[in-house]
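Computed from a predicted model, the values in this text were never measured in an experiment.
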Amino acid sequence: MINVTESAAEKAIILINNSENNPEDELGLRMQVIGGGCSGFQYNLEFGAAKETDKVFEFHGLKVFVDPRSSLYLAGSVLDYNDGLMDSGFKITNPNAKNTCGCGESFNV
């Protein structure tokens with residue numbers, strides 16, 4: 001379905017642990033595809049708890065939540081994290097994307 005690299009999982013876990021959240025909540029990373037952006041669809045990453053209809057995955061100790069609609073667009077995708085001087089942040093490589101915008105934040109299928 002999807003894959004999360006070790007560096008992306010490690011960074012997400014650090015961010016979750018540093019956030020002000022209720023320790024009783026089982027938080028993870030929500031990966032979503034929503035309408036918008038300059039190419040039609042855009043990615044949305046946020047921390048939160050699983051919803052009842054989510055597919056739940058675990059990679060390197062990180063729980064990842066994907067809603068059923070987004071799972072169609074994210075099939076085969078890889079979430080990575082790069083911490084370089086010129087390129088820093090999370091990056092999704094999606095084999096389903098026919099075109100992406102220049103910033104890589106939106107795509108179409």
Exercise for the section: Determine, using the 4.5 Å side-chain heavy-atom cutoff (strictly less than), whether Tyr73 and Ile34 are members of one ILVMFWY cluster. Expected result: no

Exercise for the section: Using a 4.5 Å cut-off on heavy atoms from C-beta on, say whether the side chain of Asn94 contacts that of Tyr43. Expected result: yes

Handout entry: Pairwise distance OH(Tyr81) to CG(Leu15) - rounded to 0.5 angstrom
Key = 7.0 Å

Exercise for the section: Measure the OG-CG distance between Ser88 and Asn82 for me, rounded to the nearest 0.5 Å. Expected result: 6.5 Å

Practice task
May I ask you to test the Ser70-Met31 pair for a side-chain heavy-atom distance under 4.5 Å?
Solution key: no

Handout entry: Side-chain touch Leu29/Leu79, heavy atoms, less than 4.5 angstrom
Key = yes

Handout entry: Between CG on residue Leu27 and CD on residue Glu46, distance to nearest 0.5 Å
Key = 11.0 Å

Exercise for the section: Check each of Asp54, Leu72, Leu74 against Val66 using the side-chain contact (heavy atoms from CB on, under 4.5 Å) test, and report the only one that passes. Expected result: Leu74

Completion exercise
Here the pair of heavy atoms bringing Ala9 nearest to His60 is CB-CB, 3.7 Å

Problem - Other cluster members, Val56 - Ile/Leu/Val/Met/Phe/Trp/Tyr, side-chain contacts below 4.5 Å - result: Phe65

Problem - Nearest-0.5 Å distance that lies between atom CD in Glu26 and atom CD1 in Ile16 - result: 10.5 Å

Handout entry: Pairs satisfying salt bridge (charged side-chain N to carboxylate O under 4.0 Å, His left out), at least one member in residues 64-86, at least two apart
Key = none

Problem - Least distance between heavy atoms, Pro95 atom then Ala75 atom - result: CG-O, 3.8 Å

Practice task
Report yes or no: do Phe41 and Val78 belong to one cluster of Ile/Leu/Val/Met/Phe/Trp/Tyr joined by side chain heavy-atom distances under 4.5 Å?
Solution key: no

Exercise for the section: Could I get the full list of side chain to side chain contact (heavy atoms under 4.5 Å, CB included) partners for Ala12, not counting sequence neighbours? Expected result: Phe47, Leu62, Phe90

